[in-house]
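Each remark here refers to the structure printed beneath this line.
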Amino acid sequence: MRTFFVVAAAFLAAGCASGAPAPAAPSTPAATAPAAAPTTSGSGAGAEAEGVLAPPDRATTAFTYNPALAPEGAQIEVESETRGASTEIRLDVDGLLPNRGYAAHAHVNPCGPTGDAAGPHFQNLADPAAGPGKPSVDPAYANPQNEIWLVLL
């Protein structure tokens with residue numbers, strides 16, 4: 001399975017599942033690419049990251065917290081390019097299970113040995129009531145217009 005997405009957003013942080021379900025597709029504890037190193041291109045600043053999924057005890061660049069659903073060895077690549085006030089995001093994944101939907105969203109930190117290492121969901125307008133161990137659940141902030149939500153089919 002190979003999937004490409006381009007999304008307009010204010011920012012991209014490599015993300016991993018937090019257990020919060022995404023609408024329109026099953027939520028899957030997934031993976032993330034490593035922290036991206038900024039690069040520049042002709043029309044603006046950008047970042048790229050890639051990795052091969054592995055369980056946290058063996059991962060070096062990309063984590064899977066449920067290898068039965070996000071298989072070890074699957075590959076992920078994230079690219080972003082900032083243009084003015086928006087950022088274009090491209091997500092490329094290869095090696096996920098066929099005939100299954102996946103959901104992805106961005107967090108403020110890269111993934112780590114536990115899903116909590118990624119911190120809260122990235123929000124363009126941060127929920128003031130959210131904090132460590134207290135994710136944003138207010139629909140005024142936790143929604144696809146304020147967070148980066150992708151549905152991979």
Side-chain angles (χ1 to χ4, degrees), residues 1-124 126 132 135-136 142-153:
M1 174 181 185
R2 193 163 184 89
T3 308
F4 295 91
F5 283 90
V6 177
V7 178
F11 179 79
L12 173 71
C16 50
S18 69
S27 179
T28 300
T32 184
T39 61
T40 55
S41 60
S43 61
E48 296 180 22
E50 61 184 15
V52 177
L53 299 185
D57 62 337
R58 293 194 313 276
T60 58
T61 60
F63 296 80
T64 178
Y65 303 111
N66 188 340
L69 298 177
E72 184 171 358
Q75 299 175 13
I76 185 169
E77 180 180 347
V78 178
E79 297 178 15
S80 69
E81 185 173 352
T82 301
R83 295 181 185 158
S86 67
T87 298
E88 185 175 282
I89 309 302
R90 179 174 174 252
L91 173 64
D92 179 3
V93 293
D94 190 24
L96 297 179
L97 300 176
N99 304 315
R100 186 188 193 295
Y102 287 86
H105 53 265
H107 284 244
V108 298
N109 302 319
C111 289
T114 69
D116 292 339
H121 290 191
F122 169 80
Q123 295 180 323
N124 190 41
S136 176
N143 64 67
Q145 290 74 42
N146 193 45
E147 297 181 346
I148 299 171
W149 291 6
L150 301 174
V151 177
L152 312 173
L153 303 172

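We use all heavy atoms of the structure for the numbers below, so side chains are in, but hydrogens, waters and symmetry mates are not. Counting from 1, the numbers follow the sequence of the chain as shown. This is a predicted model, so every value here is computed, not measured.
Taken to the nearest 0.5 Å, the CG atom of Asn143 stands 12.0 Å off from the NE2 atom of His121. A distance of 12.5 Å separates CD of Gln145 from CD of Gln123, quoted to the nearest 0.5 Å. Between Glu50 atom CD and Asp92 atom CG the span is 9.5 Å, to the nearest 0.5 Å.
Counting only heavy atoms from C-beta outward, the side chains of Leu97 and Tyr102 approach each other to under 4.5 Å. Within the 4.5 Å cutoff, side-chain heavy atoms of Arg100 are placed close to those of Leu69. His105 places none of its side-chain heavy atoms less than 4.5 Å from the side chain of Ile148. Counting heavy atoms from C-beta on, the side chains of Glu77 and Arg90 come closer than 4.5 Å.
Within the 3.5 Å criterion, the main-chain N or O of Ala70 finds a donor-acceptor partner in the side chain of Thr64.
Of all non-hydrogen atoms in Ala142 and Glu147, the two that sit nearest each other are CA-OE2, 3.6 Å. The two residues Val52 and Thr61 make their nearest non-hydrogen contact at N-OG1, 3.5 Å. The minimum heavy-atom distance between Ala74 and Leu96, with the atom names listed, is CB-CD2, 4.1 Å.
For Pro56, the side-chain contact (heavy atoms from CB on, under 4.5 Å) partners at least two apart in sequence or on another chain are Phe63, Tyr65.
Every pair passing salt bridge (Lys or Arg N to Asp or Glu O under 4.0 Å) that includes a residue from residues 59-72 is listed here, sequence neighbours excluded: Arg58-Glu72.
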